[in-house]
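Worth knowing before you read on, the calculation uses all heavy atoms, side chains too, and leaves out hydrogens, waters and symmetry mates.
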Amino acid sequence: MKVLLISLFMFVGSLAMAQQAAAPKEAKYLPLYGQKALSAKDQKELSEFVESCDASFGSRKEAVEFFSERAWEFVSSGYLDTATYRFNLVQALDNEAVDSYWGLGVITFQRQDFPKAIEFLSKGLALDSTQSILRVDLAIVKLSCYLKTMDCGTLDETDALLQQALVQTPNYATAWMKRAQVAYLQEKYENAWAYLHECRKLDITQLDLNLGHSLAEKLPDPQGVFK
């Protein structure tokens with residue numbers, strides 16, 4: 001299960017936080033080993049891992065894809081320490097693997113470290129700017145920063161990311177829904193309705209009904225769906 005939208009992991013947040021409280025202190029369970037120099041033990045383990053993969057897979061790319069898939073599975077199950085370690089292994093195979101930065105961005109977002117999540121997601125996007133879902137994930141983190149009154153994200157930054165993502169993938173319902181939320185917060189209610197209905201037409205399961213009702217209190221729905 002590769003490439004999972006960051007908002008989906010809201011559902012495993014309580015499990016992630018519980019796991020964080022009892023998180024192992026070993027460096028391999030920290031994103032990129034805490035971004036510090038590796039110990040001799042960790043360096044040996046990673047070297048042996050890479051050698052084993054080179055002997056077992058047809059290519060590094062194949063190994064990266066295999067271990068990335070396993071890492072995403074652990075993320076979706078809420079086992080964030082194990083997922084972190086797996087993404088670290090992916091990094092050992094290819095230090096420019098987009099999935100490793102993407103996955104670590106999702107994990108650090110789950111752990112409420114928004115600046116670090118932005119760092120990792122931005123790095124992944126720099127490596128592959130065609131990843132529109134990744135771009136939306138970064139927008140979601142920026143929006144979370146704004147909602148928590150942190151200085152790591154603004155509504156303008158969030159909207160710019162969403163707008164670019166929709167240029168790349170116009171039928172991405174989640175991006176339209178998030179853009180409606182941003183427009184609502186900016187008090188651009190006509191735009192918010194337009195974006196919300198784009199989402200509704202594409203995928204009604206992504207529709208935020210609460211936002212629709214809140215928006216109707218500010219401006220009647222031009223299409224008469226929300227009362």
Trainee: Using the salt bridge (Lys or Arg N to Asp or Glu O under 4.0 Å) rule, collect all pairs that involve residues 144-157, keeping only residues at least two apart or in two chains.
Mentor: K142-E157
Trainee: Anything under 30° is parallel, anything over 60° is perpendicular, the rest tilted; go ahead and classify W102 against W72.
Mentor: perpendicular
Trainee: Looking at side-chain heavy atoms only, is the closest gap between R86 and E73 below 4.5 Å?
Mentor: no
Trainee: Evaluate the side-chain hydrogen bond (donor to acceptor under 3.5 Å, both in side chains) criterion for residues K116 and Q35: first the C-alpha distance (whole Å), next the side-chain angles of each, then the deciding distance (0.1 Å), finally the verdict.
Mentor: CA-CA 11 Å; K116 188 60 67 175; Q35 296 176 290; 2.7 Å; yes
Trainee: Do side-chain atoms of K36 reach the backbone of Y33 as a donor and acceptor pair under 3.5 angstrom?
Mentor: no
Trainee: So that I can tick it off, tell me whether E48 and K44 are bridged by a salt bridge, with the cut-off set at under 4.0 angstrom between side-chain N and carboxylate O.
Mentor: yes
Trainee: Under 3.5 Å, is there a donor-acceptor pair between the side chain of D94 and the main chain of K61?
Mentor: no
Trainee: Would you please classify the geometry between the F226 ring and the H213 ring as parallel, tilted or perpendicular, with 30° and 60° separating the classes?
Mentor: perpendicular
Trainee: Only counting residues at least two apart or in another chain, list the ones meeting salt bridge (Lys or Arg N to Asp or Glu O under 4.0 Å) with D54.
Mentor: R60
Trainee: Is it the case that over 12 heavy atoms from other parts of the model lie below 6.0 angstrom from the CD atom of E190?
Mentor: no
Trainee: Is the side chain of S56 donor-acceptor paired with the backbone N or O of C53 at a distance under 3.5 Å, no angle test?
Mentor: no
Trainee: Just wondering, do F87 and I107 contact through their side chains at under 4.5 Å, heavy atoms?
Mentor: yes
Trainee: Quick one: are T108 and F114 in side-chain contact, heavy atoms under 4.5 Å?
Mentor: no
Trainee: Counting N and O atoms only, with roles assigned by atom type, does the side chain of W193 sit under 3.5 Å from a partner on the main chain of L219, one being a donor and the other an acceptor?
Mentor: yes
Trainee: For S129, does its backbone N or O pair with a side-chain atom of Q168 as donor and acceptor, under 3.5 Å?
Mentor: yes
Trainee: Salt bridge or not between K28 and D42? Use side-chain N to carboxylate O under 4.0 Å.
Mentor: no
Trainee: Got L32 and N88 here, is their nearest side-chain heavy-atom distance under 4.5 Å?
Mentor: yes
Trainee: With a 4.5 Å cut-off on side-chain heavy atoms, are Y195 and Q181 touching?
Mentor: no
Trainee: Please name the residue in the list I133, L127, D128 that meets the side-chain contact (heavy atoms from CB on, under 4.5 Å) test with Q131.
Mentor: D128
Trainee: Any non-hydrogen side-chain atom of P115 less than 4.5 Å from a side-chain atom of M150?
Mentor: yes
Trainee: Main chain of F66, side chain of R70: is a donor-acceptor contact present, judged purely on distance under 3.5 Å?
Mentor: yes
Trainee: Would you mind reporting whether D221 and H197 have side-chain heavy atoms less than 4.5 Å apart?
Mentor: yes
Trainee: Using the ring of each side chain (for Trp, its six-membered ring), is F67 parallel, tilted or perpendicular to F49, with breaks at 30° and 60°?
Mentor: perpendicular
Trainee: Look at the side chain of S122 and the backbone N and O of I118, then say whether any donor-acceptor pair between them is shorter than 3.5 Å.
Mentor: yes
Trainee: For E62, look at atom CD and say whether over 12 heavy atoms of other residues, nucleotides or ligands are found less than 6.0 Å away.
Mentor: yes
Trainee: Within the 4.5 Å heavy-atom criterion, are Q91 and Y101 side-chain neighbours or not?
Mentor: yes
Trainee: Who are the side-chain hydrogen bond (donor to acceptor under 3.5 Å, both in side chains) partners of D203, not counting sequence neighbours?
Mentor: T205
